[in-house]
Protein chains: 2
Amino acid sequence: MISGKFAITIHILTLLTKFPDEFLSSEFIAGSVNLHPVLVRKEIANLKKNNIVESKEGKNGGTKLLKSASDISLDTIFKMTFDTVTLGFSKNEPNPKCPVGKKINKNLEDLYENINEKISLQLSGITLENFSNQF
Amino acid sequence: MISGKFAITIHILTLLTKFPDEFLSSEFIAGSVNLHPVLVRKEIANLKKNNIVESKEGKNGGTKLLKSASDISLDTIFKMTFDTVTLGFSKNEPNPKCPVGKKINKNLEDLYENINEKISLQLSGITLENFSNQF
DNA sequence: ATATTTGTAATATATTTTATTACAGTATGA
DNA sequence: TCATACTGTAATAAAATATATTACAAATAT
């Protein structure tokens, strides 16, 4: 389910921020991201589910922001598009008969949870407006 | 390549920490991680390259730590096994003719760099010994 | 010598991500 | 009211990445 989700979503939102009064079509957005319009619409579906944007079907349809870019933090976008940041897990279940194998995933999860807290804290201090102003 | 690199490597190192005086075989380690021994040896090759472990070929061979677990920080392991943490990039090059497409990757990189600094800071405060003591 | 182990390359399989196709449904405006 | 331009979504295909396996040379303990 799309590993560039965050990047694509923030790209979409930056475009919407630059044209706050227009409904941008998925094809227009896809042209900027360089991605298939269907995938853009999938990410937009996610944004809609989270009440960040609204979209209008039919001719001259498209998508626009539902709220001000200054009211959307990057942490919100992060949480919408990422379960959690991890440094990964081994694919197979480690050996539960080994004291290390038995606990490794729990201990890694704890570590990763701390990392996520730090990232969230950092991202909640940046708004979509801040990010968009860099362009 | 290998997305569970960090997890696998820290698992290996935790085992080595628990048996600091023995050469552990890749097969023994693979049995705990539940991974093919060849992949374990690949990660060990990386650890050797970084002078964290030494290994001995031949019968009764295997791998052991080269330094004390208290002298190895999780940040060192992180840097050995991860380029950088990112929240991802869109796979294709964004449209350079669009002001947003032109700069999005640079701006994301800057953001991710800050995230990595925070993670590094956090991980450098945890040693392999600290981590291993949880088991 | 033989058995056991590392080191590494080559290849195969599995998994995940991205792309495409297809088409029903909806709004616009000529 | 009909043609057009959109969204929404499912199904499928292709590409990329990660993991697994096989194979075998080289090293070393006993």
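Proteins come first, then strands; the chains are lettered A, B, ... in the order of their sequence lines, and each starts at number 1.
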For this session: Check whether any side-chain N or O of A:Ser55 sits under 4.0 Å from OP1 or OP2 of D:dC6, and answer yes or no.
Result: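 It does not, given that no N or O in the side chain of A:Ser55 lies less than 4.0 Å from OP1 or OP2 of D:dC6.
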For this session: Could you tell me whether the phosphate oxygens of D:dT7, OP1 or OP2, come under 4.0 Å of any side-chain nitrogen or oxygen in A:Thr63?
Result: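 No, outside the criterion.
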Listing request: all ring pair (Phe, Tyr, Trp, His ring centres under 6.0 Å) pairs with a residue in [range], at least two apart in sequence or in separate chains.
| range | result |
| --- | --- |
| residues 114-133 of chain A | A:Phe131-A:Phe135 |
| residues 22-79 of chain B | B:Phe78-B:Phe82 |
| residues 48-69 of chain B | none |

For this session: Kindly write out the residues that satisfy ring-ring contact (aromatic ring centres under 6.0 Å, His included) with A:Phe19, not counting sequence neighbours, or none if the list is empty.
Result: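 ring-ring contact (aromatic ring centres under 6.0 Å, His included) list for A:Phe19, sorted by chain: empty.
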Exercise. Sequence neighbours excluded, which residues qualify as salt bridge (Lys or Arg N to Asp or Glu O under 4.0 Å) partners of A:Lys79?
Worked result: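 If we apply the salt bridge (Lys or Arg N to Asp or Glu O under 4.0 Å) test to A:Lys79, skipping adjacent residues, the hits are A:Asp75.
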Restricting both atoms to N or O, compile the protein contacts to nucleotides 13-15 of chain C shorter than 3.5 Å, with distance only.
none

Exercise. Can you tell me how far CG of B:Leu121 sits from CG of B:Asn116, rounded to the nearest 0.5 angstrom?
Worked result: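 It is 12.0 Å, given to the nearest 0.5 Å.
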For this session: Measure the spacing between OG1 of B:Thr63 and CG of B:Leu47 and express it to the nearest 0.5 Å.
Result: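 So the OG1 of B:Thr63 and the CG of B:Leu47 are separated by 8.5 Å.
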Give the table of side-chain donor-acceptor pairs shorter than 3.5 Å for residues 94-113 of chain B, with sequence neighbours excluded, one pair per line with atom names and distance.
{"unit_1": "B:Asn95", "atom_1": "OD1", "unit_2": "B:Lys97", "atom_2": "N", "d": "2.8"}
{"unit_1": "B:Asn95", "atom_1": "ND2", "unit_2": "A:Gly31", "atom_2": "O", "d": "3.2"}
{"unit_1": "B:Lys103", "atom_1": "NZ", "unit_2": "A:Gln134", "atom_2": "O", "d": "3.0"}
{"unit_1": "B:Lys106", "atom_1": "NZ", "unit_2": "B:Asp110", "atom_2": "OD1", "d": "2.9"}
{"unit_1": "B:Lys106", "atom_1": "NZ", "unit_2": "B:Asp110", "atom_2": "OD2", "d": "3.1"}
{"unit_1": "B:Tyr112", "atom_1": "OH", "unit_2": "B:Gly88", "atom_2": "O", "d": "2.7"}

Problem set entry | Between D:dC6 (C1') and A:Lys64 (NZ): distance, integer Å |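 Value for this atom pair: 17 Å.
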Return all side-chain donor-acceptor pairs below 3.5 angstrom for residues 6-16 of chain A, not counting sequence neighbours, or 'none' if the list is empty.
{"unit_1": "A:Thr9", "atom_1": "OG1", "unit_2": "A:Lys5", "atom_2": "O", "d": "2.8"}
{"unit_1": "A:His11", "atom_1": "NE2", "unit_2": "A:Ser32", "atom_2": "OG", "d": "2.7"}
{"unit_1": "A:Thr14", "atom_1": "OG1", "unit_2": "A:Ile10", "atom_2": "O", "d": "2.7"}

Exercise. Looking at DNA chain C, which of residues 98-108 of chain B put a heavy atom within less than 4.0 Å of it?
Worked result: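 Of all residues in residues 98-108 of chain B, none places a heavy atom under 4.0 Å from DNA chain C.
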Are there any protein N/O atoms within less than 3.5 Å of an N/O atom in nucleotides 26-30 of chain D, and if so, which ones and at what distance?
{"unit_1": "D:dA27", "atom_1": "O4'", "unit_2": "B:Glu57", "atom_2": "OE1", "d": "2.9"}
{"unit_1": "D:dT28", "atom_1": "O2", "unit_2": "B:Lys59", "atom_2": "N", "d": "3.2"}
{"unit_1": "D:dA29", "atom_1": "O3'", "unit_2": "B:Asn60", "atom_2": "ND2", "d": "3.2"}

For this session: Just grab all the salt bridge (Lys or Arg N to Asp or Glu O under 4.0 Å) pairs involving residues 46-55 of chain A, residues at least two apart or on different chains.
Result: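 Applying salt bridge (Lys or Arg N to Asp or Glu O under 4.0 Å) to every pair that reaches into residues 46-55 of chain A, excluding sequence neighbours, yields A:Glu54-A:Lys64.
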For this session: For the residue pair A:Thr86 and A:Thr84, confirm or rule out a side-chain donor-acceptor distance under 3.5 Å.
Result: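 On atom types as modelled, these side chains do not qualify, holding no pair under 3.5 Å.
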Anything under 3.5 Å between a protein N or O and an N or O of nucleotides 22-24 of chain C, put it in a table, one pair a line.
none

